[in-house]
Structures are given as C-alpha cells and as structure tokens.
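Letters A, B, ... mirror the listed sequences (proteins, then strands); counts begin at 1.
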2 protein chains.
Amino acid sequence: MSGGFAVAEGRGQEFFLAVLNKNLDRLIYVCHMPSMTRGPDKQFDPDAVLEKAMQVFWAKGYAATGLAELQARMGIGRKSLYDTFGNKRQLFIKALQLYSDSVVGQISAELDKKGSPLGNVRRLMRSLEEDHSLPESMGCLLGVSMAQCPSDDGEMAGILRHHIQRVEEAFYRAFKRARDIGELNRSTNTRDLARLFMGIAQGLALVGRVQDAPSVPRSIVNAALATLKSA
Amino acid sequence: MSGGFAVAEGRGQEFFLAVLNKNLDRLIYVCHMPSMTRGPDKQFDPDAVLEKAMQVFWAKGYAATGLAELQARMGIGRKSLYDTFGNKRQLFIKALQLYSDSVVGQISAELDKKGSPLGNVRRLMRSLEEDHSLPESMGCLLGVSMAQCPSDDGEMAGILRHHIQRVEEAFYRAFKRARDIGELNRSTNTRDLARLFMGIAQGLALVGRVQDAPSVPRSIVNAALATLKSA
DNA sequence: TTTAACATAGACCGATTGGTCAAAGAAAAG
DNA sequence: CTTTTCTTTGACCAATCGGTCTATGTTAAA
C-alpha cells in the first residue's frame, strides 16, 4: 500500500475519492462519487441556537461557561453541537462575530443616518446610556471578552481588535462629516475624537455591568456629549 | 448532656472555653485556657504571596485560573493556601482589595498633589496612557473582574462598585478644586466630568489589554484632555 | 421496501477542577 | 529530653471539565 486518500465532503452533495501517493503530493486517481441518498434535516435553526449560546457567554464569560449549560440553553444534544459548531472555542468565536456584526451594524446605522451627524451621535449615546442603565445590563460581549482574552491567543485578540476598529470607524465617519458641515471646529482632531468615543462606549458598557443605579451612566453620557458643544 | 461549647482561637494566644446551655443563649461556665506552647512560623510572607496570586488572576481571570497554577506561582502548598486565604474565591476577593487599594492610592496621590489640579489630571492620564500602551498591558484587574463578575454575586459586585466610586471621587476632588480656582468654567458639572474620566480610564484599560499599537490609547487621552481646555 | 446518509440522545472517556485530609516535620515551652 | 502547636507536603476525593462515540431514529432516493 503506497497511497493515501482524501475526501471532500458535503451535505447532500456529490463528493470525490482521491488516491494520492505516499508523500501526499501527487494525485494518482480521482473517482467521482455522486451521492444517491440523504438523511433528515437539522431539527433546529443554527442561527437561533448560536444566539442562545452567545447570551450564555455574554452573561458568564468564556471560561465560566460549561458545555452542560450551553447544551441546556441551546436545547440541542452534544453531538449536534460539535457537528454544527466544531468545539467550544469555535462556537465562542462564532458568537463573537455574530455579536460584533450586530452591534457594529446598529451603531453604523444610527451614525450614518442623514441629517446632523452630531445629532446622530447624541441619539446613539443616549441609547447606549439607556441600555447600560438597565439593572440587567450585561455590558458588551466584546468588552467582556477583551477582559478574558488570554494574552497568547492571537486569533481572538484579532477579532476583538477588528471590532474596536469598526466601532471607531463608524464614529470617525460621523465626526468627519460633522466637521465638514461645520458642526465641529475645523481644528478638531476627528480621529482622536472617534477613538475617545469608542473608548467611552466600552467604559460605559463595563461600568453598566456592575452599576445598579442609572446615575453613573447618565453622568458619563452627559459629560461626553457636553464636550461636543465646544469641540 | 444539656450544654454546648465554643472556643475563640488565636495564633500562639490564650483562649477561652465557654460552656453554654442547649439553646446557646446562656453562658454557664467560662474557663480561661492559657496557651503554653507554639509551633513554627509561616515560611512565606502572606502579602508577597497574595501579590503573586493577584498577578495570575489579573492575567487570566478568575474562572480560567486553576488552583494548580496559583500554587505554582505563589510557591506554597495547597494546605497552606487554604489555611491562609480560605478558598479560591476569598483569595480572589483579597487580591481584588489589594489591587483596588493600591490603584486608588496611586490615583489619589497624583490627583491630590498641590498645584494645578488640571495639571495633575493631565499627568495622571498620560501616565495611564503609557501603562496601557505597553504590549504587555493587562488592563485593570478591577475592570477585568467587572467583565467576569456573575450577575448574582452581590458581594463581588459591591467591591467593584466601591472601587469605581473611589476612583470617581478622586477625580471629583480634583475637578472641584479646579473649578474653585478658575481652571474650569463655573458652569462645568464636575460630578459628571469625574464620572466621565473614571469611565474613560476604564475604557482605556480595557482597550489597552487588546491593542498592540500605542496609537489608540494615545488618541483617547489626547481627546480626553482636549475636552478640558474648554470646559 | 430496502438502504445509505444524515441527526439525535445520552453513555462514556481521561483529564482536570476545587477542596480535604492524614502523616511527617519543625519550633519552642517545660 | 518530651510535649504541644503549628506548618508543610502530597496523596486523595467527588464532581465536573471538554470532547468522543455508539446506538437509535429519521429521512428520502432507489
């Protein structure tokens, strides 16, 4: 026996059986294997189930969340979980991306609205204030994860950095437009300002996770918006 | 047998043997028991060892830190650890308090210096910027813990809230003084401003934990300090 | 109806978790 | 010396961890 083989799999699809040499660098034979039958469909919606997983990670953090709890809240068996999402880490990363896309989408939608860009910023910040004033506020999943990301995990850190950057960019577009139309001073450094507001939003979410009274989030947003009046 | 008893223990001290009635609400007899001998002292410094534990929790978070790693980094046996600190949770809480006292002490010392209060704020913020621009920055242990605190843990949430409040108060004293001596506008809401800067500091620490380039912390502090020029 | 391809539920795995305990050693008073 | 008190070491515990796998069920093409 001097060969190996590899298959390209797929759900309900045809696939190939490939025979390789023993160094795995030469294709010796390829056999097309059309799939004749198929099994039943999944009994759950992967997106809906991922959303549930996201909430558990959000509330408890990555390390403190066990497979048993994930299974229970997602309402699926363990085999299904691993077949669909790979493993706990990959499930977490998919949850991070789901959350990031959703949050960045909402923030961008608000900030990119027509009309006064500073008005959009004010509306967004008041909305964030409201969210993080609720007693059940859990902060921001990405922020929570930044706090837990092991320093040697480059992939995860990359996702978190990317999220930060997208939020910064959304603020930047708004502030740039505000400067262009005269809502901000010509001398304002819009890049710095965008990063500041991104940082404030993260701090707000973090504080809101612990704070019970709404006065602190309220103050933070008050003061943050006050700085725009004279910028 | 109609009585119970209780002893008040102490290291190398005399103690008392108290005989109580069966409802434990009446003292029947008290016997003074002077201690005659004593054993060896601890072979480690509890404070130094607690500092080590704090660093592990800081780097990895509460849930992801195991007893084995704590033991290794603290350099003591498991029994010693439990005898000295109670259990993992209590060890963590003691580490939180150690960290909080240290950080609040440093911040207050800087902000309460004589001279220009806004100058103190600028110096502090630049110093925070420098800290959180280092590639090995781990953010703020209290911030990291806010992100991991289970929502049902009231005691831990209380410690975190108290920390936030102490930082806010340090900023408040500085801004109040700044307003009194005319460095800030009379119309400035110093309470809001103090809370904003507390929030910015937390956000800065969080972002610094993930960010590798120093440009983002730099921008955040630039913009934060710029707001003071016209407040 | 047969059969291959899927999904499901849950038993099972070694490793690790936080936590306890017994045995041995060290220090100091008598 | 002996005795008592205290520390230390490391074995040990049940429970849980993330992950795998087998047995069973279900679907739809042949």
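Taking atom CG of residue B:L81 and atom P of nucleotide C:dG18, one finds them 11 Å apart after rounding to whole Å. At whole-Å resolution of the value, OH in B:Y82 and C1' in D:dT7 are 18 Å apart. A:N87 has its CG atom 16 Å from the P atom of D:dC17, to the nearest Å. Regarding A:L70, its CG atom lies at a distance of 11 Å from the P atom of D:dG19, rounded to whole Å.
In this structure, B:K88 is not positioned above the aromatic face of B:F57 in the sense of NZ or CZ being under 6.0 Å from the six-membered ring centre and within 45° of the axis. With A:F171 as the aromatic partner, A:R195 does not meet the cation-pi criteria of under 6.0 angstrom to the ring centre and within 45 degrees of the ring axis.
Although no hydrogens or angles enter the test, the distance criterion places no donor-acceptor pair under 3.5 Å between the side chain of A:D192 and the main chain of B:A223.
With sequence neighbours left out, B:S108 forms a side-chain contact (heavy atoms from CB on, under 4.5 Å) with B:V104, B:D112, B:A170, B:R173. Legend: residues meeting side-chain contact (heavy atoms from CB on, under 4.5 Å) with B:D212, ordered by chain and number and at least two apart, are A:R161.
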Mark up nucleotides 9-17 of chain C, 5' to 3', with B wherever a protein heavy atom is under 4.0 angstrom from a base atom, S wherever such an atom reaches only the sugar-phosphate, and - elsewhere. BB-------
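Under a 4.0 Å N-O distance rule, the pair A:R166/A:E169 does not qualify as a salt bridge.
Minimum atom distance to the side chain of B:D83 is reached by D:dT8, of the listed C:dT8, D:dG18, D:dT8.
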